[in-house]
Amino acid sequence: MRGLGRVLAWSYLVVVFLFILLPVVSLVVFSFQATSLPVPPFSGPSLRWFEALFADPRMLSALRTSVIVGIVSALLATVLGFLAAYGLGRYRPAGATALRAIIMTPLGVSYLVIGFGLLVVANELALGRSLLLVTLGHIIINTPLAFAIILSQMREEHANLERAARDLGAGEPRVIGSIVLPVLLPGLLAAFLLSFTLSWDEFIIAFLLAGFQVTLPVEIWSSLRTGLDAKTNAAGTVVFAISLIVLVLAYATNRALRKGRT
Amino acid sequence: MAGADVQVHQLVKRYADHEALRGVSLQLAAGTYNVILGPSGSGKTTLLAILGGFIEPTSGSVEVGGVDVTQTPPAKRPTTTVFQDYALFPHMSVAGNVGFGLTTRGIRGARRSQRVASALELVGLADLGARAIQQLSGGQRQRVALARALVVEPPVLLLDEPLGALDVKLRRAMQEELRRIQRELGTTFIHVTHDQEEAMSLADTIVVLREGMIDDLGTPERLYSAPRTRFTAQFMGDANILDGTVLAGAGAGGGDGAGAGPRIATALGEVHLAEGDPGPAAALGPAGTPVTIAIRPEHLTITGEGPALGEFTIAEVGFLGLRHRLVVRRGEHTLVVYSSPTHRPTEGASVIVGYDPAQVVRISAGES
C-alpha cells in the first residue's frame with residue numbers, strides 16, 4: 001500500500017513537471033535540430049540555427065533593442081518603486097494606504113488594457129508608436145512590482161540606522177546614499193533584475209506600441225508568421241536562457257548579500 | 001573636548017492621547033554623569049529623544065552650553081547618541097561605523113584613521129577595526145556604538161538604555177567602563193535607564209521621572225537615604241513606608257531608650273525619630289499633622305537592637321548572598337527586613353522587629 005502510494009506520488013510529480021516543462025524542453029531541444037523543421041525526429045545536435053540567428057541583422061537588432069528597453073525600463077521602475085516605497089514606508093503620510101493601493105493597481109490590469117490605453121493616449125497626443133512608448137509601458141507594469149519588493153525589504157530598525165546617521169552629522173543626501181540605498185541593496189537588485197526579465201519577455205505591450213523598431217519577442221512572433229523554422233526555436237532558447245541567467249543572478253546576489261548581514 | 005552643561009526649561013510633549021512630558025526643568029552640570037531613571041511610560045526616553053533632537057517638544061526649550069538648540073536638527077546638535085539597539089550600520093566594518101561621524105564632518109585620510117584607532121582603543125577594541133559588525137558579540141557591538149558616538153568628541157553624550165541587552169556580568173563590566181570613560185573625557189553623559197542599581201552605581205546625579213514629571217533629583221546617596229517622595233523611596237530599592245500622624249509632646253523623649261526625637265503614631269505603633277535628623281522635628285508640624293515615613297530594610301533588625309516595632313511572624317525568606325531578605329507580617333501589615341546571612345531565620349518564626357531611629361526618613365511629599 002505504501003509502495004503504491006509512493007509510485008503514485010512520484011508519477012504525479014513527473015506528470016506535473018512534464019506538463020510545465022515540456023513546451024520549454026521541446027523548444028530548447030529542437031533549437032539544436034540539424035534539419036530545418038523543429039519537429040520529431042530529433043536530427044541534431046547542431047548549432048546551425050544559432051549561426052543563422054546571429055547572422056540575421058533583424059534578429060540581432062531586436063535583441064539589442066530588447067536589452068536596451070529592458071535595462072532602461074527596469075532601472076526607471078526600480079528608481080520610481082524605491083522612491084514610492086521609501087516615502088510611504090518611512091514617513092507614512094496621510095492616505096498612505098490609498099496611495100499604496102493606487103501604485104499597485106497596474107498589477108491587476110491586463111497588459112492588453114495597459115498597452116491599448118497607452119496606444120489610445122498616444123494617438124490622442126498625435127504621438128507615433130515608438131520604443132519610447134514600449135519603455136513607458138514596461139515602466140508602468142514593473143513599477144508596482146519594484147515598489148512591492150522594496151517595500152517588503154524595509155524594516156523598522158532601518159529607521160534607527162537613519163536616525164543614527166543624522167545624529168552623527170549626516171545630511172539627507174548622505175543618509176540616502178550611505179545608509180538607505182546600501183541597506184536596501186538586495187531589494188533594489190531583486191527589483192531591477194525581475195523588472196528586467198519581465199520587460200525582456202513581454203510581448204503584448206511591445207507589439208501594440210513598437211513602431212518600426214521592435215523587441216525580440218515581437219520579432220520572433222513576426223518570423224513565426226512567415227513559416228515554421230528552427231531558427232525561431234534558437235531565438236526562443238536565447239530569450240529563455242537570458243531570463244534564466246538573470247533570475248539565477250538575482251537569487252544568488254540576494255543570497256550573498258543577505259548572508260553578510262545577519 | 002570638555003563637556004557642556006545642559007539646561008532644560010519647562011519641557012512639555014503632548015501626543016494625541018497622552019502627555020509624555022508635563023513640564024520638566026533641569027540643570028545638568030558640565031562634565032557630570034547624569035542618569036534619568038524611571039519606569040516605562042515615565043517619559044524618560046521622550047526626554048532623551050528631545051535632547052538629541054529626534055522629537056520636537058510641544059513647548060519648552062533645551063540649551064546646551066548656553067546655546068538654545070531646541071530647533072536644531074540632530075545633525076547639527078552638539079550631542080551624539082548611543083542607541084538602545086546600537087543601530088550599527090550593517091554594511092560597514094567596525095572602523096567604517098566609528099569613522100562615519102568623522103566623514104560627515106569632512107575629516108578624512110590619516111587624521112580620520114588615527115581618531116578611529118584611538119576611539120577603538122578607548123573602548124578596548126583596538127584590533128577589531130576591520131571586523132564586520134556581524135562578527136561581533138553583543139558587548140563588542142555596545143562598545144562600537146560607544147566609540148562611534150564618542151569619536152566626534154561631543155560635549156554631551158546621550159545613552160538610551162545602553163546596557164539593556166547585555167547579561168548581568170557584562171552589564172557590570174560595562175558600567176565600570178562607562179564611568180571610567182566619562183571621567184577620562186570629561187564629557188557630560190546623560191544616561192536613561194529603568195534599572196535603579198545601574199543608576200546608583202553610575203550617576204553623579206539621578207533624575208527620577210514619574211508620569212512625565214521630575215519626582216526627585218539628587219545624588220544617589222541622597223535619593224536612597226532621604227528620598228523626598230514615596231515613589232522615589234520605593235523605586236530606589238526596597239522600602240517600608242508608613243503613614244502616620246505627629247504625636248503631641250514631640251521631643252519629650254520616651255523611657256524606652258529611643259532618644260529625645262519626635263514621635264509619630266503609625267498603624268504599627270509609635271515610631272521615634274532621631275533628634276533633628278534627617279527630617280528636622282520643626283518641619284513635622286504640630287501634633288496631628290499627617291506624615292509619611294520610610295525605613296530601608298537594612299535599618300530594621302530582628303536581633304533585638306534599637307526600639308521595637310513589636311512582634312512579627314516571618315512570612316518569607318529569600319537568600320540574596322550577602323543577606324537574607326525577609327518579609328515579616330503582623331495582621332495585614334508587612335515589612336521587608338534584611339538580616340545578616342550568619343543568622344539563619346526560619347519561616348513561621350516569631351521575631352521582634354527593631355529599627356534605627358537615626359535612619360527613619362520623613363518623606364516630604366507624602367501624597368499618593
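Throughout, protein chains are lettered first and strands after them, A, B, ... in sequence-line order, and every chain is numbered starting at 1. Predicted model, so just to flag it, every value in this text is computed and none were measured.
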- Note on the structure: Between B:Asp85 and A:Asn160, the two heavy atoms sitting closest are OD2-ND2, 2.7 Å
- Message: Distance check, rounded to the nearest 0.5 Å: B:Phe89 atom CZ versus A:His158 atom NE2?
- Response: 12.0 Å
- Message: Using every non-hydrogen atom in the two residues, find where A:Ala170 and B:Ala75 come nearest and quote the distance to one decimal.
- Response: O-CB, 3.8 Å
- Would one find more than 12 heavy atoms of other residues, nucleotides or ligands at under 6.0 Å from atom CD of B:Glu121? no
- Message: Side chains of A:Arg174 and B:Phe100, heavy atoms from C-beta outward: is any pair under 4.5 Å?
- Response: yes
- Atom OH of A:Tyr12: over 12 foreign heavy atoms under 6.0 Å: no
- Note on the structure: Checked B:Val152, B:Ile133, B:Thr103 vs chain A; the most non-hydrogen pairs under 4.5 Å come from B:Thr103
- CD (A:Glu157) with more than 12 external heavy atoms under 6.0 Å: yes
- Task: Please round to the nearest 0.5 Å and tell me the distance separating atom CG of A:Leu168 and atom CG of B:Leu102.
- Result: 9.0 Å
- Query: Would you say B:Asp127 has more than 12 foreign heavy atoms packed within less than 6.0 Å of its CG?
  - Reply: no
- Could you walk me through whether A:Ile179 and B:His91 pass the side-chain contact (heavy atoms from CB on, under 4.5 Å) test, one step at a time? CA-CA 8 Å; A:Ile179 308 297; B:His91 57 294; 4.2 Å; yes
- Message: Can you confirm whether more than 12 heavy atoms, excluding those of B:Glu184, are under 6.0 Å from its CD atom?
- Response: yes
- Can you tell which part of B:Leu88 gets under 4.5 Å to a heavy atom of chain A, answering side chain, backbone, both or neither? backbone
- Note on the structure: When the 4.5 angstrom heavy-atom criterion is applied to B:Arg77 and chain A, the contacting part is neither
- Task: For A:Leu136, look at atom CG and say whether over 12 heavy atoms of other residues, nucleotides or ligands are found less than 6.0 Å away.
- Result: yes
- So, for B:Pro90 and A:Leu161, which heavy atoms are closest and what is the spacing to 0.1 Å? CD-CD1, 3.6 Å
